[in-house]
Amino acid sequence: MSRDELEALQLRRLQWTVRHAYENVPMYREKFDAHGVHPDDLRELGDLSRFPTTTKEDLRQNYPFKTFAVPMEQVRRVHASSGTTGRPTVVGYTERDLANWATVGARCFRLAGVRPGMLVQNSYGYGLFTGGLGAHAAIERLGATVIPMSGGQTERQIQLIQDFEPQAIACTPTYLLTILDAMRRKGLDPRATSLKYAVLGAEPWTEQMRAEIEEGLDLTASDIYGLSEVIGPGVAGESFEHQNGSTIWEDHFLPEICDRDDLAAVLADGEEGELVFTSLTKEAMPIIRYRTKDLSRLLPGDARPNMRRMQKIRARTDDMIILRGVNLFPSQIEELALPVPELSPHYQLELTRPNRMDELTVVIERRPEVARGEAEAGAERLVKDIKVHIGSSVRVQVAEPNTIERSAGKMKRVYDRRGLGE
Ligand code: DLL
């Protein structure tokens with residue numbers, strides 16, 4: 001399909017989506033009316049920017065099913081986000097939505113190197129989280145064989161990798177690090193497994209993390225992006241041959257990049273801002289201009305020339321740490337910490353407020369084979385690197401190997417202990 005043909009398809013689907021939402025979801029009707037826009041105003045793709053955005057809070061207020069645009073009998077499945085604060089957000093799928101989801105997911109796995117006939121260990125968590133079942137359907141749809149392992153039970157994960165000899169694994173990047181680490185502790189050679197491809201997502205990970213994983217396991221690791229509100233894993237996927245950002249499946253999802261402080265401002269391709277998505281085919285829960293809080297930029301098509309890519313997510317806007325006036329993201333620390341050879345990739349960030357001044361401590365494990373003194377020297381270099389490159393003074397605390405809690409899914413990086421009377 002040429003770009004022109006794609007845009008014509010997008011417009012038709014967008015007009016359908018906006019009308020479907022307006023006619024069947026009171027939340028959208030109220031928002032559009034309050035904003036003075038109507039589905040008839042959508043004559044070209046650019047008209048979308050006149051419509052109001054949707055936030056997680058909007059979905060929460062319509063908990064659990066009030067954002068559904070079809071009668072409940074047509075909803076075949078629901079999922080829910082974990083909702084660390086407040087109510088979770090609930091999402092629903094018709095039979096056709098599930099089929100489309102499997103299709104876009106299958107495209108991601110294919111781009112990441114998986115082929116029909118391969119065995120794929122699916123170590124995303126099964127359940128209300130979209131990762132497990134989303135990847136499961138995608139792998140089957142592609143014609144590969146899925147091992148529905150789910151997250152956790154690391155010993156068992158390793159056993160299955162050894163016994164079943166899968167060519168690919170799908171999980172969060174930090175969980176693959178957990179598995180890698182556990183293999184080493186068992187005295188196994190992680191580079192000697194059958195694994196050739198990893199399809200990693202659900203949390204931000206830097207190029208330095210990619211290098212750590214690829215080097216450690218001797219495989220090719222590609223990114224998969226998605227979010228429950230838009231569909232789940234499979235909104236965009238990265239080519240293992242290019243490894244330069246994820247192709248967005250623009251026949252199903254329309255991306256925009258907005259200024260994160262002034263959402264009315266849609267930014268040009270190439271500029272960094274907040275990703276905003278509109279679904280184009282979703283029946284059960286159409287989503288109009290959903291604010292993801294994910295920071296990225298749109299790049300021209302490459303692995304699939306007619307569809308744009310998104311740069312690997314740098315951070316979520318709500319993960320931003322403001323440290324004595326300087327904005328910083330966990331990924332900036334990761335970029336500097338992982339190349340320090342004495343230190344492991346297992347770290348967390350702690351914010352405290354002793355003496356009424358914010359302080360950031362990077363707690364990071366030393367590599368098991370490195371002596372404490374050498375690790376301390378590495379930590380001192382990291383303090384200087386952070387000062388030079390980010391401009392912030394932080395503390396780096398060297399932790400003993402295997403003392404920082406390992407993730408089985410999304411890793412919690414930042415522990416904010418300010419305001420706890422410290
Ligand atoms: O995490 C869906 C998913 C599952 C994607 C498995 C990929 C693989 P949620 O739980 O709703 O859905 O969380 C969505 O996770 O807004 C991002 O902040 C983050 N995220 C997802 N994929 C990536 C990625 C799933 N590849 C939120 N890189 C999103 C960085 C990601 N962040």
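Below, each value reflects all heavy atoms present in this structure, side chains not excepted, and no hydrogens, waters or symmetry copies. Residues: numbered from 1 along the sequence shown. One-based numbering, in listed order, for ligands and for the atoms of each.
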Answer yes if the side chains of S123 and Q157 hold a donor-acceptor pair under 3.5 Å, and no otherwise.
-> yes
Atoms in ligand 1 flagged as close to Y124, the criterion being non-hydrogen separation under 4.0 Å | 6 (C), 8 (C)
Can you list the ligand 1 atoms lying under 4.0 Å from a non-hydrogen atom of D223?
-> 24 (C), 26 (N)
Quick one: does P204 get a heavy atom under 4.0 Å from ligand 1?
-> yes
Would you please say whether a donor-acceptor pair under 3.5 Å links the side chains of T130 and Y124?
-> no
Which bit of T130 gets closer than 4.0 Å to ligand 1, counting heavy atoms only: side chain, backbone, both or neither?
-> side chain
For atom 29 (C) of ligand 1, find the nearest protein heavy atom and state the residue, atom name and distance (0.1 Å precision).
-> D294 OD2, 3.2 Å
Heavy-atom distances under 4.0 Å are what count here, so tell me which part of A202 touches ligand 1: side chain, backbone, both or neither.
-> both
Could you verify whether a donor N or O on one side chain and an acceptor N or O on the other, from S49 and E256, lie under 3.5 Å apart?
-> no
Assess whether atom CD of E214 is packed by more than 12 heavy atoms of other residues, nucleotides or ligands within 6.0 Å.
-> yes
Going by atom types only, do R413 and Y347 share a side-chain donor-acceptor pair under 3.5 Å?
-> yes
Who's the nearest protein heavy-atom neighbour of atom 11 (O) of ligand 1, and how far?
-> S228 OG, 2.5 Å
More than 12 heavy atoms from other groups under 6.0 Å of CZ on R308 | yes
Which residue owns the protein heavy atom closest to atom 25 (C) of ligand 1, what's the atom, and how far is it?
-> G226 O, 3.6 Å
Polar contact flag, side-chain donor to acceptor under 3.5 angstrom, E140-H136 = yes
Give yes if a backbone or side-chain nitrogen or oxygen of R316 is under 3.5 Å from a nitrogen or oxygen of ligand 1, and no if not.
-> yes
What do you reckon, does G232 have a nitrogen or oxygen under 3.5 Å from a nitrogen or oxygen of ligand 1?
-> no
Quick one: does ligand 1 sit under 4.0 Å from the side chain of I313, the backbone, both or neither, non-hydrogen atoms only?
-> side chain
Tell me which protein heavy atom sits closest to atom 3 (C) of ligand 1, plus the residue, atom name and distance to 0.1 Å.
-> P233 CB, 3.7 Å
Check: T103/N100 side-chain N/O donor and acceptor closer than 3.5 Å | no
Measure the distance from atom 31 (C) of ligand 1 to every protein heavy atom, then report the residue, atom name and distance (to 0.1 Å) of the closest one.
-> E203 N, 3.5 Å
Go through ligand 1 atom by atom and flag the ones less than 4.0 Å from a non-hydrogen atom of G131.
-> 4 (C), 6 (C)
Give the ring-plane orientation class for Y93 versus W101, where under 30° counts as parallel, over 60° as perpendicular and anything between as tilted.
-> parallel
Examine ligand 1 and decide if any of its atoms is less than 4.0 Å from a heavy atom belonging to K410.
-> yes
Would you say the side-chain atoms of S81 and T89 include a donor-acceptor pair closer than 3.5 Å?
-> yes
